[in-house]
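Okay, so here's the structure we're looking at.
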Amino acid sequence: MAKNLLIVESPAKAKTINKYLGKDFQVLASYGHVRDLKPKEGAVDPEHQFAMKYEVIERNEKHVDAIAKAAKLADDIYLATDLDREGEAISWHISEILKERGLTSGKQLHRVVFSEITPKAIKAAVAAPRELSHDMVDAQQARRALDYLVGFNLSPVLWRKVQRGLSAGRVQSPALRMIVEREEEIEAFIAREYWSVEAQLKHADGDFSARLTKLNGKKFEQFDLTNETDAMAARAALKEAAHGRLTVSEVGSKERKRRPAPPFTTSTLQQEAARKLGFTTSRTMKVAQGLYEGVGLGSEGNVGLITYMRTDSTALSEDAVGELRQLISRDFGNKALPDQAQVYRTKSKNAQEAHEAIRPTSALRTPREVSAFLNDEQRKLYELIWKRTVACQMIHATLNTVSVDFDLKNVAGGDAAFRATGTTVIDPGFLAVYEEGRDQKTAEDEDEGRRLPRLAKGEHVPLQDIVTDQHFTEPPPRFSEASLVKALEEYGIGRPSTYASIIQVLQNREYVLLESRRFKPTDVGRAVSNFLTQHFTQYVDYDFTAKLEDELDAVSRGEEAWVPLMERFWLPFKQQVDEKTETVDRSEATGARELGQDPKTGKPLSVRLGRYGPYAQIGDKDVDEKLQFASLRPGQSMHTITLHEAIELFKLPRQLGQAENGDEVSVGIGRFGPFVKQGSTYASLKPEDDPYTIELPRALQIVQEKLELIANRIIKDFGNGVQVLNGRYGPYITDGEKNARIPKDQEPKDLTEAQCVELLAAAPVKKGRFGKKTTKAASKKAAPAAKKAAEKKAAPKKTATKKAAGKKTATKKTAAKKATAKKSATAKTGA
C-alpha cells in the first residue's frame, strides 16, 4: 500500500501525475468540488457571522468515500488541487471532510501547487509543500456567500415582478447590462450619410489609389460631403482641375517598430481563440483543460502540454524563457533573437495566484511533432498557444510606411489634395511566427501590405478617374464572445475562471441569444436588466462590481477580513430588496409599452411580458372584462415592435376552410408555438411554415402527418398500462412509470406481455424533470406494477373463484349469526 495519498481534481490529471511519482504515492481525483452550500434558503446565516452550511455533493459521494478510505491507510496526505482560489477551496473542503471523519489524526496534511504537469514541476511541488492558505479560502467563501445571498434574495423579486423561474447573479447581471445597453445604443442610433472621394491613378509599376484629404482649401472631413449632389459637384470640379493627371508634392517615409503581444492569459486566449478559431469561451477552456491535464504521446505516455489555463499573469519562468530562446535561435536564427529576453508586466495585483502565463510546458515540443496525437481542436489550440509564446520572445517587426501627397491647384473654392499610403515589412521579426487578431480593422491595418510604386517629388501621375462612394455611419457592433470578455476584463468584472461561466449562464437562462456570433438580448433579458438597473442600480454598477472584486482579491491576500466585507454588502442590500418587493409595480418592471389604439375596437393596444414570453394585448384589465391577446412572432421584440406590426398579430386565429369531412380548419399561435387545428386535432407548424400566410392544402397535410404519427405510435397495447410504442428515437416499452429499451435482436411487434414486464423490471429508474431519480419507494412500486396487472389479467377465473368463495363464506357466517341471534331473542322472550 502506498504511504502517501495525493489528491487532484480530475482523473486525467491523476493518471498523468501517478506516472511521475512512483509506487510510494497513490493519486486520486476529487472530480471537482466535493462540497457545496445546501440548496435551500438558510445555508448562509447573516445573523451568525455568515456561517455556511455545507453538504457533500451527491454525484461525488463515491469519490469522497474513496479518498476517505485511502486517507485512512496513508501516512501523509498531499492536497494538489488547482492553484487558484477554487482549487484552494476544494483542498480545504477535502481537509474538513477528513477531519470530520476523524481521518487526520497523526497525519500530515500538505498543500502542493504547480502550474504545469511535468515530472520536474510535480516533484518540485511535492518536495516543497506549504500550508493551506486560509486567506484564499476566505475569499472563495465570501464570493460563494455573496453569490448565494444575491441569488436567494434577488431572484424571488424577479419572480414576483417579472417572470417565474428567473435568476439574478452578482456578476452575470452587470454583464447582461452591458449587452442590453449596447442593444439600446444600436436602436437609438441614427445613420448619417457621407461620401468619400478617391483618385484612381495609373503607373507602370502598378496602379494605386489616393484618398481626398483637402477640399476647398481646408482639411477634408468625413461629413464634408453628405449628399450625392455635393459629391458629384466636387468630383466634377476635381476632374476639371486635374486635367488628367496629379502631381506629387511630397513623399514621406517613416520606419516604425511593432512589438509582439505578451503570452496568453485566460482572457486573451479566449478572445484570440474566438477570433481565429471560432471557439466559444467554454469550448476554449474545455480543450485547454485537456491539454493541461495530459495527452497520450505514444511511448512518452500522458504528458501535460500547456501550463495552467486559468491565470491573469503574463510572466514566464526563467527555464521557459531559456528554452524559447534556444528554439528561436535554432529555427529562426540569432537575428530573430533580441539581446535581452522580453519581460511582460502583469496588470492584476492578484496575478501571483497563478504564477505564469499560458504557455507550452516545453517549447521544443512543436505543433508538428505532437499533431498526430491530438484531435483537431486540440491541435489548433496548441498551435495557437505555441506560436504566441514563441513570438513573444522574438525581435520586433520593422515596418516602413510611405505616404505620397498630391496637390491640386485651381479647384473651385480653393486648393485640394490627395494622399496615398502604403506599408511594407522591412524585417518581419515575430510576424514570421504569429500576428495578433483584431476585432475591428483600423486604417493602419488597411495600409499594411499595400505597396506603392516608387514616386518622386514633381512627378506627374496619370489620373484614370475620380471615384465617389456613398457611405452611412454604422452603430457600434453587438458584443461577440471575444469583445465581451475583453470588456469584462477592462471593467474588472469577474475573474479569469468566471468569464466562460458568465456567458454560459446568460445563454442558459435565455437572457441573450447568439446571432451571427454576436449577443442579442431577449425581451426577458432586457426586462431583467432594466429592472435591476432601475431599482438595484448600485448592484449592477460596473464600478461597484469591480470594487467588490478588488475587495475579494484583498481578502485573498490577507489584507482584509471577509466578514466585515459581507456585512457592508448585506445590510443595505437586504433593506433594498425588502423595500422594492413592496413598492414596484409589475407592469413597470416588465417594461410594458402602450403602442396606440386598436382601429377596430378603439381600445388601447400594448405589449407586455408574460409567463410564456412577450405578447400583445388589446384592452385595459382595469376597464375591460374581456381582453384580447396575441403572441409576438419569432424575431419580434416588445421593445421595437410598431403599432401596425402589433395589429397584424390579431389576425390570428385564421379560418382556412373545411376538410373533406366537414371539420373546420384554422391556424393560430398557442403556448407551444404556431399550430393548425382540424376539428379536435392540433398539429404544430413546421419551422418553415408561417401561420399568417399558410394555405388550406398545406395545413391539411400537416394534420394528416400528425394523424398518421398517432396511428403508428402504438405497436402493441396489452390493456393494463403496458405498451410497445414508436418513439422519437425508435420503439420502446413503457408502463407509464418506467421506459425500457427493446433488444436489437427482438422484433417489437412480436413481444409478449411477459417479456415486456421482464424488460421493464430490469430497466433503470426513470429520471424526473430536473434529472433526479424517483424515490426508492416509487421505484420499487413502479417495477412490479405491470407484473401485478399482468398476473391479475392472466388469472381472472381464479380471482373470480376466490371472490365467489369469499362471498359464499360470508353468506354462511351471516346466516349463522342471524340464526344465533334469533335463538337468543326467542330464549329471552320465552317464545
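In what follows, residues are counted from 1 in the order of the sequence shown.
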Side chain to side chain contact (heavy atoms under 4.5 Å, CB included) between L154 and L532, worked out: CA-CA 9 Å; L154 201 47; L532 295 177; 3.8 Å; yes
With a cut-off of 6.0 Å (strictly less than), are more than 12 heavy atoms of other residues, nucleotides or ligands near [atom1] of [X]?
| X | atom1 | result |
| --- | --- | --- |
| R713 | CZ | no |
| E474 | CD | no |
| K686 | NZ | yes |
| E688 | CD | yes |
| E510 | CD | no |
| Q49 | CD | no |
| Q575 | CD | no |
| Q655 | CD | yes |

Audit row: T280, E481, side-chain hydrogen bond (donor to acceptor under 3.5 Å, both in side chains) steps and yes/no: CA-CA 7 Å; T280 62; E481 288 213 26; 4.7 Å; no
Is it true that a side-chain atom of [X] and a backbone atom of [Y] form a donor plus acceptor pair closer than 3.5 Å?
| X | Y | answer |
| --- | --- | --- |
| S666 | P653 | no |
| T522 | Y511 | yes |
| K706 | Y682 | yes |
| T226 | F223 | no |
| S529 | G525 | no |
| T473 | R192 | yes |

Approximate separation, where rounding is to 0.5 Å, of L643 CG and E594 CD: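 Rounded to the nearest 0.5 Å, the CG-CD separation comes out at 10.0 Å.
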Spacing of Q597 atom CD and L595 atom CG [to the nearest 0.5 Å]: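 Here the rounded value is 12.0 Å.
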Would [X] and [Y] count as having a side-chain donor-acceptor pair, cut-off 3.5 Å?
| X | Y | value |
| --- | --- | --- |
| R608 | S606 | yes |
| E193 | Q470 | yes |
| Q628 | Q617 | no |

Search all heavy atoms of [X] against all heavy atoms of [Y] and return the closest pair with its distance.
| X | Y | value |
| --- | --- | --- |
| D717 | V722 | OD1-O, 3.8 Å |
| E645 | Q636 | CB-NE2, 4.1 Å |
| V540 | R177 | O-NH1, 3.1 Å |
| I179 | P521 | CG2-CD, 3.8 Å |
| S155 | S167 | OG-CA, 3.3 Å |
| A142 | L552 | CB-CD2, 3.7 Å |

Y491 ring center within less than 6.0 Å of Y542 ring center: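 Between Y491 and Y542, which both carry aromatic rings, the centre distance is below 6.0 Å.
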Ring centers of F472, Y194 separated by less than 6.0 Å: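 Centroid separation for F472 and Y194: 6.0 Å or greater.
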Under the side chain to side chain contact (heavy atoms under 4.5 Å, CB included) test, residues paired with Q658 that sit two or more places apart: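 Partners of Q658 under the side chain to side chain contact (heavy atoms under 4.5 Å, CB included) test: E664.
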Test side-chain hydrogen bond (donor to acceptor under 3.5 Å, both in side chains) applied to D598 and T601, step by step: CA-CA 6 Å; D598 171 42; T601 63; 2.8 Å; yes
Within 45° cone of Y732 ring axis and under 6.0 Å: R741 NZ or CZ: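 No, R741 does not lie over the aromatic ring of Y732.
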Ring pair (Phe, Tyr, Trp, His ring centres under 6.0 Å) against H33, all qualifying residues, sequence neighbours excluded: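 Applying ring pair (Phe, Tyr, Trp, His ring centres under 6.0 Å) to H33 gives none.
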Contacts of type ring pair (Phe, Tyr, Trp, His ring centres under 6.0 Å), residue F650, not counting sequence neighbours: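 If we apply the ring pair (Phe, Tyr, Trp, His ring centres under 6.0 Å) test to F650, skipping adjacent residues, there are no hits.
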Would you call [X]-[Y] a salt bridge at under 4.0 Å N-O?
| X | Y | value |
| --- | --- | --- |
| D690 | R633 | yes |
| D147 | R143 | no |
| D36 | R144 | yes |
| K603 | D620 | no |
| K574 | E47 | no |
| E489 | K486 | no |

T583 and E579: CA distance, side-chain angles, deciding distance, side-chain hydrogen bond (donor to acceptor under 3.5 Å, both in side chains) verdict: CA-CA 6 Å; T583 60; E579 189 261 321; 3.2 Å; yes
Set of residues satisfying side-chain hydrogen bond (donor to acceptor under 3.5 Å, both in side chains) with respect to D622, sequence neighbours excluded: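 Residues passing side-chain hydrogen bond (donor to acceptor under 3.5 Å, both in side chains) with D622: none at all.
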Residues forming a side-chain hydrogen bond (donor to acceptor under 3.5 Å, both in side chains) with R182, sequence neighbours excluded: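 Residues passing side-chain hydrogen bond (donor to acceptor under 3.5 Å, both in side chains) with R182: none at all.
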Any pair counted as salt bridge (Lys or Arg N to Asp or Glu O under 4.0 Å), so long as it reaches residues 149-167, sequence neighbours left out: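 Those involving residues 149-167 do not exist here.
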Passing candidate, side-chain contact (heavy atoms from CB on, under 4.5 Å) with S637, options V607, L632, D523: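 That would be D523; it is the only one of V607, L632, D523 passing the side-chain contact (heavy atoms from CB on, under 4.5 Å) with S637.
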Option passing side-chain contact (heavy atoms from CB on, under 4.5 Å) with S483 (candidates R275, R518, M178, R478):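 When R275, R518, M178, R478 are each tested with S483, the side-chain contact (heavy atoms from CB on, under 4.5 Å) holds only for R518.
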Q723/I733 under side chain to side chain contact (heavy atoms under 4.5 Å, CB included): CA gap, chis, key distance, verdict: CA-CA 6 Å; Q723 294 178 308; I733 304 164; over 6 Å; no
Residues F531, V584; criterion side chain to side chain contact (heavy atoms under 4.5 Å, CB included); working and verdict: CA-CA 10 Å; F531 174 75; V584 179; 3.7 Å; yes
Parallel, tilted or perpendicular, as decided by the 30° and 60° cut-offs, for the rings of F536 and F573: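 Because their plane-to-plane angle lies in the 30° to 60° range, the rings of F573 and F536 count as tilted.
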Stepwise salt bridge (charged side-chain N to carboxylate O under 4.0 Å, His left out) test for E695 and R698: CA-CA 6 Å; E695 299 294 337; R698 174 59 181 155; over 6 Å; no
Chi angles and distances behind the side chain to side chain contact (heavy atoms under 4.5 Å, CB included) call for Y499, S282: CA-CA 9 Å; Y499 298 140; S282 56; over 6 Å; no
From CA spacing to verdict: side-chain hydrogen bond (donor to acceptor under 3.5 Å, both in side chains), R170, T545: CA-CA 8 Å; R170 183 182 60 84; T545 307; over 6 Å; no
